[in-house]
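Below you'll find the structure, written out as structure tokens, and then a few comments.
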Amino acid sequence: MRLVILDNYDLASEWAAKYICNRIIQFKPGQDRYFTLGLPTGLPRNHPESYHSYMWNNFFKHIDIDPNNAHILDGNAADLQAECDAFEKKIKEAGGIDLFVGGIGPDGHIAFNEPGSSLVSRTRLKTLAMDTILANAKYFDGDLSKVPTMALTVGVGTVMDAREVMILITGAHKAFALYKAIEEGVNHMWTVSAFQQHPRTIFVCDEDATLELRVKTVKYFKGLMHVHNKLVDPLYSMKEGK
């Protein structure tokens with residue numbers, strides 16, 4: 001397990017972006033190798049707060065990607081279980097997930113695998129906790145009646161099958177979750193803790209997120225930054241064929 005600690009949110013984001021860029025170039029992705037994680041159900045694809053809209057507006061439309069290679073769960077499918085099963089099948093047919101990138105909630109949930117989720121769960125329909133619904137209300141003008149109460153999500157087991165996992169954790173409000181993720185044991189009430197057992201996990205965080213960690217833990221991982229920085233320097237270029 002690696003813990004990469006940067007001074008602030010911007011630097012943590014920049015380091016993660018460089019790492020992802022290098023891994024994409026090394027991987028040489030092709031058709032049927034792009035997978036997106038969760039999608040709140042009940043919202044049309046063109047709804048401004050749908051996960052489909054979010055991913056296209058904030059990521060996909062800014063990069064060179066064939067829309068056919070962006071696999072997003074359809075939260076309005078007639079048979080949601082069949083949609084989840086098909087998603088798992090697509091991942092398997094594509095050879096698995098090479099790099100999973102995700103964030104966590106203050107309660108340590110990864111994707112929509114909230115406290116109490118099985119650590120061997122697969123892509124499925126998940127009921128959302130009230131804390132998640134309340135947190136999402138800001139995207140719906142504070143109207144709880146408009147916030148989805150269920151979501152389709154990859155399971156913890158799905159993510160554990162990825163060859164590499166990167167978890168982004170920033171802000172003091174997620175400091176306790178980071179503490180639970182790396183300094184205590186694996187616990188299904190803090191699903192992010194499952195990645196202690198993954199052979200290639202990278203936690204990328206800012207200083208604020210380390211507030212609950214032991215001083216010796218922070219010093220240890222900061223002492224490894226010269227090793228971690230070799231993962232993003234040099235920054236590979238597709239044009240150079242590296």
Side-chain angles (χ1 to χ4, degrees), residues 16-17 19-47 50-104 109-114 117-128 148 150-168 188 191-192 194-202 236 238 241-242:
Y19 184 83
I20 294 168
C21 178
N22 278 355
R23 292 292 289 112
I24 289 174
I25 293 172
Q26 292 170 325
F27 179 57
K28 298 179 181 179
Q31 188 175 5
D32 296 328
R33 289 188 177 181
Y34 300 86
F35 293 92
T36 304
L37 301 185
L39 176 66
T41 61
L43 297 178
R45 287 164 61 95
N46 61 355
H47 190 287
S50 74
Y51 201 67
H52 186 277
S53 295
Y54 179 87
M55 289 303 299
W56 281 102
N57 291 333
N58 291 281
F59 183 43
F60 290 145
K61 76 178 184 181
H62 301 288
I63 63 175
D64 180 18
I65 184 174
D66 182 342
N68 293 321
N69 289 336
H71 302 281
I72 301 179
L73 285 159
D74 182 3
N76 294 296
D79 187 334
L80 295 178
Q81 184 57 55
E83 174 70 10
C84 292
D85 293 342
F87 195 71
E88 287 278 340
K89 183 178 179 181
K90 286 181 181 179
I91 293 175
K92 185 176 181 179
E93 290 175 345
I97 298 172
D98 197 65
L99 173 63
F100 171 97
V101 180
I104 66 170
H109 75 260
I110 182 74
F112 285 115
N113 296 288
E114 298 186 316
S117 295
S118 168
L119 299 184
V120 295
S121 56
R122 312 304 299 186
T123 302
R124 68 202 190 287
L125 178 64
K126 185 74 175 66
T127 302
L128 301 182
M150 304 188 79
L152 300 184
T153 182
V154 292
V156 179
T158 309
V159 181
M160 285 291 288
D161 283 347
R163 284 179 279 279
E164 185 173 6
V165 176
M166 173 185 280
I167 307 296
L168 306 174
H188 68 284
T191 53
V192 68
F195 302 108
Q196 293 177 28
Q197 296 184 318
H198 193 283
R200 294 188 65 185
T201 296
I202 299 180
Y236 298 156
M238 189 73 77
K242 294 184 177 180

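Everything numeric here is computed off the predicted structure, so don't read it as measured data. Every heavy atom of this structure was used, including side-chain atoms; hydrogens, water molecules and symmetry mates were not.
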Item to check | CE on Met150 to CG on Leu125, rounded to 0.5 Å | outcome: 3.5 Å
Item to check | Backbone of Ser117 reached by a side-chain donor or acceptor of His109 within 3.5 Å | outcome: no
Checklist outcome for this item: Note: Ser53 and His47 closest approach over all heavy atoms is OG-O, 2.6 Å
Checklist outcome for this item: Rounding to 0.5 Å, atoms NE2 (His52) and CG (Asn57) come to a distance of 10.0 Å
Next on the checklist: A side-chain contact here means heavy atoms from C-beta on lying under 4.5 Å apart; do Phe112 and Leu152 qualify?
Outcome noted: no
Item to check | For the student: nearest non-hydrogen atoms of Pro44 and Ser50, plus distance | outcome: O-CB, 3.3 Å
Item to check | From NZ (Lys126) to OG1 (Thr153), nearest 0.5 Å | outcome: 9.0 Å
Checklist outcome for this item: The reported gap from CD in Glu88 to CZ in Arg122 (rounded to nearest 0.5 angstrom) is 4.5 Å
Checklist entry - When you measure from the side chain of Ser121 to the backbone N and O of Val156, does any donor-acceptor pair fall under 3.5 Å? => result yes
Next on the checklist: How about CZ on Arg163, more than 12 heavy atoms from neighbouring residues, nucleotides or ligands closer than 6.0 Å, or not?
Outcome noted: yes
Checklist entry - Can you name the nearest heavy-atom pair linking Phe100 to Val154, along with the distance? => result CE1-CG2, 4.3 Å
Item to check | Atom pair OG1 (Thr123) and CD1 (Ile91), whose distance is rounded to the nearest 0.5 Å | outcome: 5.0 Å
Checklist entry - Are side-chain heavy atoms of Val159 and Phe195 found at a separation under 4.5 Å? => result yes
Next on the checklist: Can you give me the closest heavy-atom contact between Ala194 and Leu119, atom names plus distance?
Outcome noted: CB-CD2, 4.1 Å
Item to check | Matching residue for Arg124 among Thr158, Asn113, Asp85 - test: side-chain hydrogen bond (donor to acceptor under 3.5 Å, both in side chains) | outcome: Asn113
Checklist outcome for this item: To the nearest 0.5 Å, atom CZ of Phe60 lies from atom CD1 of Ile72 at 5.0 Å
Item to check | Closest contact, heavy atoms only, Leu168 versus Ala16 | outcome: CD2-CB, 3.6 Å
Checklist entry - Does a side-chain heavy-atom distance below 4.5 Å link Tyr19 with Ile202? => result yes
Item to check | Any Thr201 side-chain heavy atom under 4.5 Å of Gln196 side chain | outcome: no
Item to check | Which atom of Arg23 lies closest to which atom of Leu99, heavy atoms considered | outcome: CB-CD2, 4.1 Å
